[in-house]
Amino acid sequence: MSIKLTWYSHACFLIETNGMKLLTDPFLEGNPLAPVRADAVETDYILISHGHGDHVGDAISIAKRTGATVISNFEIQGWVIAQGIENAHPQHIGGGFDYPWGRVKLTIAHHGSALPDGSYGGSPAGFLFTIEGKKIYHACDTGLFYDMKLIGEEGIDLAILPIGDNFTMGPDDALRAVKLIEPAQVVPIHYNTFEVINQDPHAWARRVESETSAKVIVMNPGDSLEL
Ligand code: NI
Ligand code: MN
């Protein structure tokens, strides 16, 4: 079985594997780069990395319509249930869980996590997936941190890293992240959605490929890749 990842822009991916669909940080409505409407997405699971509006996005409406199980930290899980969602699985930093499609562990992320209504959203997280023997690290929103080296020790097949700057790592620190993680492949995200995070992903790709052994895949919103 292969793993298919489709980028819906920003931090949102649809991951298809073993006949199941997972959706990360579904910010679609109000996102100028989103290639799909929230009401057209089908999924079995929704993962929320932190409470900010450009990550919680349309999670509640999609979960209500599809019955998808929401995976998040404990604090966001409580908020999700308070919004009327029945299926929500809480995890927390450092903890992994085996789902029917594979495993996800929540990693640290240096960022904020207040929810759109001001509720406390706990600690922001990244996702370390183990699916079909492949390791995918989706850093979500974070600054650079040296413990990315520990994540890299797990042997990362694909790293998904923000390069937008301003709210997260910019191109310079994302390049340093690649050097710490040493992934086989890397996809840049969280850029060009808003003016303050405009970046040239191709220029970044050239730098990464000249200074590391990682292969950079620059995706356009709606593009897919297979692992
Ligand atoms: Ni954020
Ligand atoms: Mn964000």
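Remember, it's 1-based here, ligands and their atoms both numbered in the order they're listed.
In this model, no donor atom of one side chain and acceptor atom of the other lie less than 3.5 Å apart for H52 and D141. Checked by atom type, the side-chain pair H10/T193 shows a donor-acceptor distance below 3.5 Å.
Between the Ni ion (ligand 1) and D141 there is an N/O/S contact shorter than 2.8 Å. At a cut-off of 2.8 Å, H52 coordinates the Ni ion (ligand 1) through an N, O or S atom. Residue H50: no N/O/S atom is found under 2.8 Å from the Mn ion (ligand 2).
The minimum distance between the Mn ion (ligand 2) and any N, O or S atom of D141 involves atom OD2. The Ni ion (ligand 1) lies closest to atom NE2 when only the N/O/S atoms of H50 are considered. Taking the N/O/S atoms of H111 in turn, the shortest distance to the Ni ion (ligand 1) belongs to NE2.
Ring geometry, H138 versus F13: the interplanar angle exceeds 60°, so the pair is classed perpendicular (tilted spans 30 to 60°). Between F194 and F27, the two ring planes are tilted [angle within 30° to 60°].
When atom types are taken as modelled, the side chain of Q185 and the backbone of L158 share no donor-acceptor pair closer than 3.5 angstrom. Using modelled atom types, one side-chain atom of S210 and one backbone atom of R207 make a donor-acceptor pair closer than 3.5 Å.
Vertex the Mn ion (ligand 2); arms to D54 OD2 and H190 NE2; angle rounded to 10 degrees, 100°.
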